[in-house]
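Read the structure below first, then the notes.
Read the numbers this way: they start at 1 and go in the same order the structure lists the ligands and their atoms.
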Amino acid sequence: MSKVRAAVFASGTGSNFEAIMSDGDLPCEISLLVCDKPKAAVIEKAKAFGVETFVFDAKQYKQKADYEAEIVEALQKNNVEWIFLAGYMRLAGATILEAYEGKMINIHPSLLPAFPGIDAIGQAFNAGGAETGVTVHYIDEGMDTGPIIEQETVPILSNDTKETLQKRIQIVEHRLYPKVIRQILRDV
Ligand code: GRF
């Protein structure tokens with residue numbers, strides 16, 4: 001039986017993309033990378049893994065619905081059933097949500113609902129609390145607001161800098177995201 005097909009959406013470095021791709025036990029095939037930053041490092045990573053890419057520049061389109069229609073077309077052409085957001089710096093609009101809501105998940109570097117949005121690690125670090133963490137959640141129309149699937153706490157140490165905290169959060173992300181993907185796909 002052929003594996004379920006999935007896409008990763010990313011805008012940046014792609015360390016989570018790499019972690020997903022490197023999981024030897026993933027119950028799906030990552031058949032497409034969707035990226036909105038034509039110079040993002042994740043694009044070369046996708047090519048190295050032999051993953052097809054759909055790269056777009058939002059400035060070339062009049063409105064979100066126009067580029068999202070092209071994204072959905074690329075997803076459907078690839079028979080993609082699941083979408084994993086990994087540092088995709090845009091909100092999903094109605095066009096993608098109509099096609100994939102309930103089958104889109106995201107990873108965010110805080111214990112949501114605390115510190116949604118950009119620079120979540122900096123926000124938590126500056127707040128001066130004792131812990132932060134990582135959340136994997138379903139996507140809805142809000143900013144990091146969809147139903148939470150799993151969270152893991154990361155302590156903020158007294159000698160942490162934002163950079164050391166970020167490194168420890170990334171280690172958790174790279175383990176947690178493939179694990180949650182395995183669980184979800186085995187449960188459906
Ligand atoms: C990760 O921290 C992820 O939680 C957030 O964006 C970052 C992406 O990092 N949504 P990378 O591109 O996977 O290295």
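The protein heavy atom nearest to atom 4 (O) of ligand 1 is E173 OE2, 2.3 Å. The nearest protein atom to atom 10 (N) of ligand 1, hydrogens excluded, is given as I107 O, 2.9 Å; this is a heavy-atom distance. Protein heavy atom closest to atom 14 (O) of ligand 1, with residue, atom name and distance, is S15 OG, 2.5 Å. What sits closest to atom 9 (O) of ligand 1 on the protein, heavy atoms only, is N16 ND2, 3.8 Å. Regarding atom 7 (C) of ligand 1, its nearest protein heavy-atom neighbour is G87 CA, 4.1 Å. Scanning the protein for heavy atoms near atom 12 (O) of ligand 1, the closest one is G14 N, 2.8 Å.
Between A86 and N16 the shortest heavy-atom distance is CB-CB, 3.8 Å. Across every non-hydrogen atom of L111 and E152, the tightest pair is CD2-O, 3.6 Å.
There is no path of hydrophobic side-chain contacts, each under 4.5 Å, that joins I184 to Y100.
Under the 4.0 angstrom criterion for non-hydrogen atoms, P109 is in contact with ligand 1.
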N/O donor-acceptor pairs under 3.5 Å from side chains in residues 35-56, not counting sequence neighbours:
unit_1, atom_1, unit_2, atom_2, d
D36, OD1, S11, OG, 2.7
D36, OD2, R90, NE, 2.7
K45, NZ, T13, O, 2.9

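Which parts of ligand 1 touch T13 is read off a 4.0 Å heavy-atom cut-off, strictly below it: atoms 12 (O), 14 (O). Annotation for ligand 1: atoms under 4.0 Å from non-hydrogen atoms of H108 are 4 (O).
I30 places a side-chain heavy atom less than 4.5 Å from the side chain of F84.
Under the rule for a side-chain hydrogen bond (donor to acceptor under 3.5 Å, both in side chains), T95 has no partner lying at least two apart in sequence or in another chain.
In this structure, W82 and Y138 have tilted ring planes: the angle between them lies in the 30° to 60° band.
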